[in-house]
**Student:** 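Mind having a look at this structure? Questions to follow.
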Amino acid sequence: CSAAMQRTASAASAHRARFGGDGARADFVPLRGWDRGATNPLIESVAPFVPEGRLRIEDIEEYALDALEFAERHLRKHGGADPHGLSKEEIAAINLYTKENVVNTEQSFFRVMNSAFNGKDRSKVVPFFSYLQLFVVGARRLPNVCPAKLWRAFPNLDPKWKKLYPKGQELFWWAFSSTTKSSDVLMEESFFGTEGERTLFTLDCVVGIDIS
């Protein structure tokens, strides 16, 4: 088992209208301009990823519609208004992030987005700018549930991680990351499991939101 201690800011935080930080990778440039322009509905925000778009993501429109249906149910449950003031489109944007393509997991929206965020070609992030506006504005309405100790686990051990994430180093976490505060969740085979070589990150989180 490889473990690494990290201190991180929320992946959805932004400083001076850009994504960046002192601990960011030296080969990355800050993301600028994602918050400019009009805010679009979710269906328009995922338009770059339909078959005719710049970057195709399988069944993205169907997942976006499912997210909007979830948002409508959530609002009805709360008498037509979200307790934290999120709009239907903002709720749906956050819900879309949680959806996994069970037929082709690599085509899950969050996986494709995070791959772009972690890549050196920053132009690949541009199609996600409209979605980022909805997600970040909605996330900012939710209360900070930190400080908290969180876990992010993988049921495998990548030899490169020990060099990339040395114990004690402070890093800026570029991708949007799901974490858990429940040890029961960690025991599931798709996360940490109970045997074999695997990786556990313990995060001392100072800013984070609960989207459960």
Side-chain angles (χ1 to χ4, degrees), residues 6-61 63-65 67-68 71 82 84-99 101 106-144 146 152 164 170-179 203 205-211:
Q6 298 186 24
R7 185 174 300 276
T8 180
S10 167
S13 67
H15 178 62
R16 294 181 182 175
R18 67 188 179 97
F19 284 97
D22 292 338
R25 276 172 44 182
D27 59 338
F28 275 25
V29 294
L31 296 183
R32 301 182 187 275
W34 62 269
D35 59 340
R36 299 170 190 165
T39 302
N40 296 317
L42 183 61
I43 291 298
E44 293 182 24
S45 296
V46 301
F49 314 113
V50 298
E52 296 79 14
R54 292 175 57 185
L55 174 65
R56 183 176 182 271
I57 301 178
E58 289 180 5
D59 302 323
I60 186 61
E61 284 185 308
Y63 283 107
L65 290 172
L68 287 165
D82 176 74
H84 301 294
L86 278 76
S87 70
K88 182 180 78 170
E89 299 290 337
E90 292 162 359
I91 295 168
I94 294 174
N95 181 256
L96 176 61
Y97 168 77
T98 71
K99 295 187 179 300
N101 185 327
E106 294 304 314
Q107 278 289 292
S108 300
F109 180 74
F110 69 89
R111 290 185 183 275
V112 179
M113 181 177 71
N114 283 340
S115 176
F117 267 41
N118 285 321
K120 292 183 180 181
D121 185 353
R122 311 309 275 152
S123 67
K124 291 184 178 180
V125 183
V126 175
F128 295 93
F129 277 13
S130 182
Y131 170 79
L132 280 179
Q133 285 185 294
L134 283 176
F135 185 100
V136 173
V137 171
R140 282 174 171 168
R141 300 188 197 279
L142 296 173
N144 180 25
C146 295
R152 181 160 174 79
L164 286 172
E170 291 192 2
L171 302 168
F172 189 93
W173 199 283
W174 279 87
F176 284 37
S177 300
S178 300
T179 59
L203 299 98
C205 193
V206 293
V207 180
I209 58 174
D210 185 349
I211 63 173

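Below, all heavy atoms of this structure are taken into account, side chains as well, without hydrogens, waters or symmetry copies.
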**Student:** Is any side-chain heavy atom of E44 less than 4.5 Å from a side-chain heavy atom of S130?
**Tutor:** no
**Student:** Please confirm whether the backbone N or O of Q107 pairs with a side-chain atom of E58, one donor and one acceptor, at under 3.5 Å?
**Tutor:** no
**Student:** For Y63, check side chain to side chain donor-acceptor pair (under 3.5 Å) against everything at least two apart and list the hits.
**Tutor:** none
**Student:** For D59, which residues count as a side chain to side chain donor-acceptor pair (under 3.5 Å) partner, sequence neighbours excluded?
**Tutor:** none
**Student:** Show your working on side-chain contact (heavy atoms from CB on, under 4.5 Å) between I57 and N101 and close with a plain yes or no.
**Tutor:** CA-CA 10 Å; I57 301 178; N101 185 327; over 6 Å; no
**Student:** Examine distances only and state if a side-chain atom of E90 and a backbone atom of S87 form a donor-acceptor pair shorter than 3.5 Å.
**Tutor:** yes
**Student:** Output the distance between atom NE2 (H84) and atom CD1 (I91), rounded to the nearest 0.5 Å.
**Tutor:** 10.0 Å
**Student:** Considering all heavy atoms of both residues, which atom of I94 and which atom of A139 are nearest to each other, and what is their separation?
**Tutor:** CD1-N, 4.0 Å
**Student:** Minimum heavy-atom separation for A92 and L42, please, with both atom names.
**Tutor:** CB-CD2, 3.7 Å
**Student:** Over all heavy atoms of both residues, which pair between A67 and L96 is shortest? Give the atoms and the distance, please.
**Tutor:** CB-N, 3.9 Å
**Student:** Heavy-atom distance under 4.5 Å between the side chains of F110 and T98, does that happen here?
**Tutor:** no
**Student:** How long is the straight-line distance from OG of S108 back to CD of E106, given to the nearest 0.5 Å?
**Tutor:** 7.5 Å
**Student:** If I compare all heavy atoms of A71 with all of K88, which pair ends up nearest, and what's the gap?
**Tutor:** CB-O, 3.4 Å
**Student:** State yes or no: are the ring centers of F109 and F128 separated by less than 6.0 Å?
**Tutor:** yes
**Student:** Grab the two heavy atoms, one from F135 and one from Y97, that are nearest each other, plus how far apart they are.
**Tutor:** CE1-CB, 3.9 Å
**Student:** Just verifying a value: how many Å separate K99 NZ and I60 CD1, rounded to the nearest 0.5 Å?
**Tutor:** 10.5 Å
**Student:** Answer yes or no: is there a donor N or O on one side and an acceptor on the other, between the side chain of N144 and the main chain of V206, under 3.5 Å?
**Tutor:** yes
**Student:** Any idea which heavy atoms bring G119 and R122 closest together, and the distance?
**Tutor:** O-NH1, 3.1 Å
**Student:** Within the distance-only criterion (no hydrogens, no angle test), does the side chain of T179 pair as donor or acceptor with the backbone N or O of R152 below 3.5 angstrom?
**Tutor:** no
**Student:** Hey, could you give me the CG/CG distance between L68 and L65, rounded to the nearest 0.5 Å?
**Tutor:** 6.0 Å
**Student:** Tell me if a side-chain donor or acceptor on N118 pairs with a main-chain N or O of N114 at a distance below 3.5 Å.
**Tutor:** yes
**Student:** Nearest 0.5 Å, please: how far is CD in Q133 from OG1 in T39?
**Tutor:** 4.5 Å
